[in-house]
Amino acid sequence: MAQLQAPKGVPEYFPGRSSAFLAVRDALNAPARKAGYGYVELPMFEDTALYVRGVGESTDVVSKEMYTFEDRGGRSLSLRPEGTAGVMRLVIEHSLDRGQLPVKLWYAGAFFRAERPQHGRYRQLQQVGLEAIGSDDPALDAEVISLADEGFRSLGLKQFTLQLTSLGCAECRPPYRELLQAFLANLELDEATRERAAVNPLRVLDDKRESVQSQLAGVPYMVNHLCADCQTHYDDVRTALRLLKVEWTESPSLVRGLDYYTRTAFEFTHHLLGAQSGIGGGGRYDGLMSSLGGQELSGIGWGLGTDRTLLACEAEGLDPGAGALVDVFAVPMGEEAKAVLIALSGELRASGIRTDLAYGNRGLKGAMKAADRSGAPYVLIVGEQEVADGTVVVKNMSAGTQESVAWESVQSLLAAHLQKDEGNHS
RNA sequence: GUGGGUAUAGCUCAGCUGGUAGAGCGUCGCGUUGUGGUCGCGAAUGUCGCGGGUUCGAGUCCCGUUACUCACCCCA
């Protein structure tokens, strides 16, 4: 029988890298929490119709990449390919939009897309996301964008760019779309691209192939055909972004893969990630709520790729979440000593001091080696002598010094040492 | 989904034109009394991704398959 393995395209995180994953996830949602966003825990699967209506039937995400299945009651369900539609459904279902607006929410977790896996492109992908619903204030667009920017910066990332554009609205997009399609009709394109031009002409703009790009000179861009309201909105977004000290690049050819975006659209791309360079993206959506049966409310949000952000950190030589998993490592010599340290480690943990113990009755040398590997700054040693005295040897591993203290003072001594070390680092 | 590359010890990889496997790192042990990190010595570990085929003989050639990976596509 073949060796069991994880499903294709599913990244797993375990000690060695999992602490970095957690640190990235926390860093990406921290800015939102500082701006009044509340947490939502969404279902991993939803009625398939939610995504068909919300994300758009013609999008690749829905038409080709969704994990859809029938449950035992004959309902068609789909593993969530993205988060925004689910948040909208939750907001409508629980009437969150009946209170004060905007409703500000964030979430984090796994999403599923049946794509061909690649480095940074997974079938189970992790995202941190946020939505601000019920206000079309351009200052809110700027806040949302700056929170993503801040998340990346707080990790120390530098090699990324914020790309920004406006996709227009129901008013100005249709005429622009016709203009664009007329332009594309005159180009020499292969069958697949021609089809794309018919379904989603904007997509053709960010085609990476030279054969296509070379033909796009003089192509009309949406930003140059915005209606008065959209133009004002876009100008105000940029003014607010300047106030927030966020830098961006104007990207008129930026396209989003989900149908619901209107007006402000943005994407964060990292320069060291190859083809899968998008580490986050989002935008405003005007018609989404109402198309899902809710009020006519505009919203704006983003999704940031946790997996890709971690890869970006690694590409820049950053190591988020680095450091030992424990503060203290206990080394017993003999059965009685072990009993003492088992009890003591329990007390230390309860007081908030991260503590591990040398298991397996190894020799002192081996146990010290394990203590060293653990990275714990302090090691507790108890042998016959200490059992008799009622003391513990507390060793400072980096200094190599050690002191003997009574059992009952160990906790307060360690707490004091650790606090002092903490102070020295910051 | 389309096209290319790779697949050898836990990790990184070497194995020339086919003759039944190696290094470094890591792990474990030892360097005598209760102390890690350095150094020295020693040990364990692989059905050479998986399945077929060619051959007296395949890690080495051929086919298939799976996974990873690169580009397109898509997007986080």
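Sequence lines set the chain letters: A, B, ... in the order given, protein chains first and strands last, and positions in each chain run from 1.
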From the set [options], return the single nucleotide nearest to any side-chain atom of [X].
{"X": "Y122(A)", "options": "rC28(B), rA76(B), rC74(B)", "value": "rA76(B)"}
{"X": "Q118(A)", "options": "rA71(B), rU35(B), rG34(B)", "value": "rA71(B)"}
{"X": "D60(A)", "options": "rG36(B), rC74(B), rC72(B)", "value": "rC74(B)"}
{"X": "E65(A)", "options": "rC74(B), rC72(B), rU35(B)", "value": "rC74(B)"}
{"X": "M368(A)", "options": "rG37(B), rU35(B), rC70(B)", "value": "rU35(B)"}
{"X": "R113(A)", "options": "rA76(B), rU35(B), rC74(B)", "value": "rA76(B)"}
{"X": "M397(A)", "options": "rC70(B), rG36(B), rC73(B)", "value": "rG36(B)"}

Any strand is fair game: report the nucleotide pairing with rU54(B) by Watson-Crick or G-U wobble, both distances under 3.5 Å, or none.
->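 Looking at the geometry, rU54(B) pairs with no nucleotide.
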Residue-phosphate contact under 4.0 Å: [X] side-chain N/O, [N] OP1/OP2:
{"X": "R121(A)", "N": "rU69(B)", "answer": "no"}
{"X": "R256(A)", "N": "rC74(B)", "answer": "no"}
{"X": "K369(A)", "N": "rU35(B)", "answer": "no"}
{"X": "R116(A)", "N": "rA71(B)", "answer": "no"}

Base, sugar-phosphate alone, or nothing: which one does [X] contact when heavy atoms must sit under 4.0 Å apart?
{"X": "A275(A)", "answer": "base"}
{"X": "Q124(A)", "answer": "nothing"}
{"X": "K208(A)", "answer": "base"}
{"X": "G120(A)", "answer": "base"}

I'd like the [atom1] distance from [M] over to [N], given in whole Å.
{"N": "rG51(B)", "M": "rG37(B)", "atom1": "P", "value": "42 Å"}
{"N": "rU55(B)", "M": "rG49(B)", "atom1": "P", "value": "23 Å"}
{"N": "rC62(B)", "M": "rC68(B)", "atom1": "P", "value": "24 Å"}

Taking for each residue the nucleotide of RNA chain B bearing the nearest heavy atom, is the 5' side occupied by G303(A) or by G9(A)?
->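 Whichever sits nearer the 5' end wins; that is G9(A).
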Which residue lies toward the 5' end of RNA chain B, F268(A) or T401(A), if each is placed at its nearest nucleotide?
->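 The answer here is T401(A).
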Table please: side-chain donor-acceptor pairs of residues 18-29 of chain A below 3.5 Å, with sequence neighbours left out.
residue	atom	partner	partner atom	Å
S18(A)	OG	F14(A)	O	3.4
N29(A)	ND2	R25(A)	O	3.1

Are any non-hydrogen side-chain atoms of W407(A) and V392(A) less than 4.5 angstrom apart?
->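 Heavy-atom side-chain distance check passes, below 4.5 Å.
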Are there any protein N/O atoms within less than 3.5 Å of an N/O atom in nucleotides 64-66 of chain B, and if so, which ones and at what distance?
none

In terms of side-chain geometry, is the basic nitrogen of R238(A) or E250(A) positioned less than 4.0 Å from the acidic oxygen of its partner?
->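 Yes, charged N to carboxylate O under 4.0 Å.
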Of all residues at least two apart in sequence or in a different chain, which pass the salt bridge (charged side-chain N to carboxylate O under 4.0 Å, His left out) check with E386(A)?
->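 In terms of salt bridge (charged side-chain N to carboxylate O under 4.0 Å, His left out), with neighbours along the sequence ignored, E386(A) is linked to no residue.
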Aromatic centroids of Y107(A) and Y39(A) separated by under 6.0 Å |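 No, ring centres 6.0 Å or more apart.
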For the rings on Y378(A) and H417(A), is their centre-to-centre separation under 6.0 Å?
->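 Between H417(A) and Y378(A), which both carry aromatic rings, the centre distance is below 6.0 Å.
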For the side chain of E115(A) and the backbone of P117(A), is there at least one donor-acceptor N/O pair under 3.5 Å apart?
->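 Judged by distance alone, no pair lies under 3.5 Å.
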Do the side chain of Q181(A) and the main chain of A198(A) share a donor and acceptor less than 3.5 angstrom apart?
->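 Side chain of Q181(A) to backbone of A198(A), a donor-acceptor pair under 3.5 Å: yes, one is there.
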Are any protein N/O atoms closer than 3.5 Å to N/O atoms in nucleotides 38-42 of chain B? If there are, list each pair with its distance.
none

Within residues 306-321 of chain A, find the residues that approach RNA chain B with a heavy atom at under 4.0 Å, and present them sorted by residue number.
->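 Going residue by residue through residues 306-321 of chain A, the ones with a heavy atom under 4.0 Å of RNA chain B turn out to be R308(A).
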Tell me, please, which residues at least two apart from S298(A) pass side chain to side chain donor-acceptor pair (under 3.5 Å).
->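 By the side chain to side chain donor-acceptor pair (under 3.5 Å) rule, S298(A) matches R284(A), D286(A).
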